2 protein chains.
Amino acid sequence: MHPREGKRSLAQPSPKTSSHPAAGPGEPPPEGPALRVLSGGALRLGLLDRSLGFHLRLAQEASFAAFARRAGRSELRPGHFAALVVIEAHPGLSQTALGGAIGRDKSTLTPTLRELERRGLLRRERAAGDRRSYALMLTEAGREALATLTRSAAAHEEALDALVGDGDRAAFLATLRRLIAGLEGEAR
Amino acid sequence: MHPREGKRSLAQPSPKTSSHPAAGPGEPPPEGPALRVLSGGALRLGLLDRSLGFHLRLAQEASFAAFARRAGRSELRPGHFAALVVIEAHPGLSQTALGGAIGRDKSTLTPTLRELERRGLLRRERAAGDRRSYALMLTEAGREALATLTRSAAAHEEALDALVGDGDRAAFLATLRRLIAGLEGEAR
DNA sequence: TATTGTTATACTCTATAACTATA
DNA sequence: TATAGTTATAGAGTATAACAATA
């Protein structure tokens with residue numbers, strides 16, 4: 001597929017927003033680069049064969065790829081989708097607040113929001129109390145675009161559920177949440 | 001921190017190497033952008049709250065971040081680590097083969113390998129039978145650097161194991177593998 | 001002074017295309 | 001002609017810094 005796919009840019013450890021892990025200078029053995037060696041079955045990697053982190057990485061990439069296949073060719077990229085989701089959930093929020101929610105600097109959102117506005121998917125109104133900020137809200141077209149995207153997402157989720165298995169879904173989700181919470185706690 | 005951390009670049013659907021999922025034009029709702037809303041606890045996202053794909057994404061990012069914290073400040077980035085791992089496992093392989101294994105174009109590896117060579121971590125010898133290609137192999141320093149990185153990785157794995165729990169580790173890993181295999185199969 | 005959003009810049013990662021030297 | 005590796009170029013995503021308008 002395309003260039004820039006779901007790679008994970010790993011950078012040095014620096015203080016970033018928060019979520020995106022960037023790889024510090026160290027490096028992410030388990031998550032590291034997208035070693036599809038294991039999955040592809042071409043070459044084998046000793047150490048990584050049993051690594052949870054590595055498999056978590058592969059599973060996430062595979063899931064991401066599968067979603068991308070289903071979503072098809074809309075021109076909405078991930079950043080757009082994220083913005084739509086959060087704005088729908090929190091109509092009226094500011095650009096800075098949105099950035100905080102999805103872990104992006106406000107300057108990063110400027111082109112994204114402008115594009116969504118250009119397409120008529122969102123409206124920006126100067127906030128009543130503070131005329132420096134904009135109150136973001138979806139237009140009807142924006143809600144529709146999000147709904148379409150959401151349907152693709154639902155199909156994707158069904159595929160994941162089928163692979164995980166009904167009996168294991170709850171446990172699997174619980175384990176993921178445990179990892180998320182535990183690792184975030186470790187970070188602080 | 002630094003700019004560019006571990007972001008995930010999502011691009012449009014174009015023909016890429018292969019593994020990296022890149023987000024097609026559609027978009028990856030679940031995996032999409034790094035919505036740390038859920039985790040951070042700031043805002044809430046309706047639909048994504050129960051999404052396996054989304055949690056997979058968050059868990060992977062958290063794991064990645066945790067690894068980066070442990071790995072510390074070596075100057076080896078993810079791409080470097082990946083190359084070292086694969087070369088150690090397959091001494092003598094060519095640059096093109098390495099690229100295939102980790103899902104990167106050969107042109108992408110040129111600077112990475114040059115850097116590793118410059119640091120004395122790997123040697124490139126013209127292949128005996130085919131003088132167009134190089135046979136890649138780690139130097140003693142390269143093996144040591146990899147060992148250090150591996151130790152960080154091991155500590156990271158222990159942390160993950162602890163969070164997952166002894167009783168669930170096998171099941172969790174099995175589920176991840178099922179997802180990986182199932183989604184890859186779906187791709188073909 | 002501090003904050004919101006915009007603009008100008010810069011940087012990483014990755015890719016495609018074209019080029020050189022082999023095959 | 002086809003392949004290995006290199007170089008040139010491009011593009012996506014993100015960030016920091018500086019600026020204007022507003023608090």
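Letters go in sequence order (proteins before strands), and every chain restarts at 1. Computed from a prediction, not measured in an experiment: that's the story for all the values here.
Partners of Phe172(A) under the ring pair (Phe, Tyr, Trp, His ring centres under 6.0 Å) rule, at least two apart in sequence or in another chain, are Phe172(B). Listed by chain and number, the residues in a salt bridge (charged side-chain N to carboxylate O under 4.0 Å, His left out) with Arg123(A) are Glu125(A) (sequence neighbours excluded). By the side chain to side chain donor-acceptor pair (under 3.5 Å) test, Glu117(A) pairs with Arg124(A), sequence neighbours left out. Every residue meeting the side-chain contact (heavy atoms from CB on, under 4.5 Å) condition with Arg114(B), not counting sequence neighbours, appears here in chain and number order: Thr110(B).
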All N/O donor-acceptor pairs, side-chain side in residues 132-140 of chain B, below 3.5 Å, sequence neighbours left out:
residue	atom	partner	partner atom	Å
Arg132(B)	NE	Asp130(B)	OD1	3.1
Arg132(B)	NE	Asp130(B)	OD2	3.4
Arg132(B)	NH2	Asp130(B)	OD2	2.9
Ser133(B)	OG	Asp130(B)	O	3.4
Tyr134(B)	OH	Arg126(B)	NH2	3.2
Thr139(B)	OG1	Gly120(B)	O	2.5
Thr139(B)	OG1	Leu121(B)	O	3.3
Thr139(B)	OG1	Ala141(B)	N	3.3
Thr139(B)	OG1	Gly142(B)	N	3.0
Glu140(B)	OE1	Arg143(B)	NE	3.3
Glu140(B)	OE1	Arg143(B)	NH2	3.2

Given protein heavy atoms under 4.0 Å, the one-letter contact record of nucleotides 4-10 of chain D, with B base, S sugar-phosphate only and - none, is simply SBBB---
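Between dA23(D) and Arg131(A), a contact under 4.0 Å exists linking OP1 or OP2 to a side-chain N or O.
Taking atom CG on Leu136(A) and atom P on dT4(C), their separation rounds to 13 Å, with Å as the unit.
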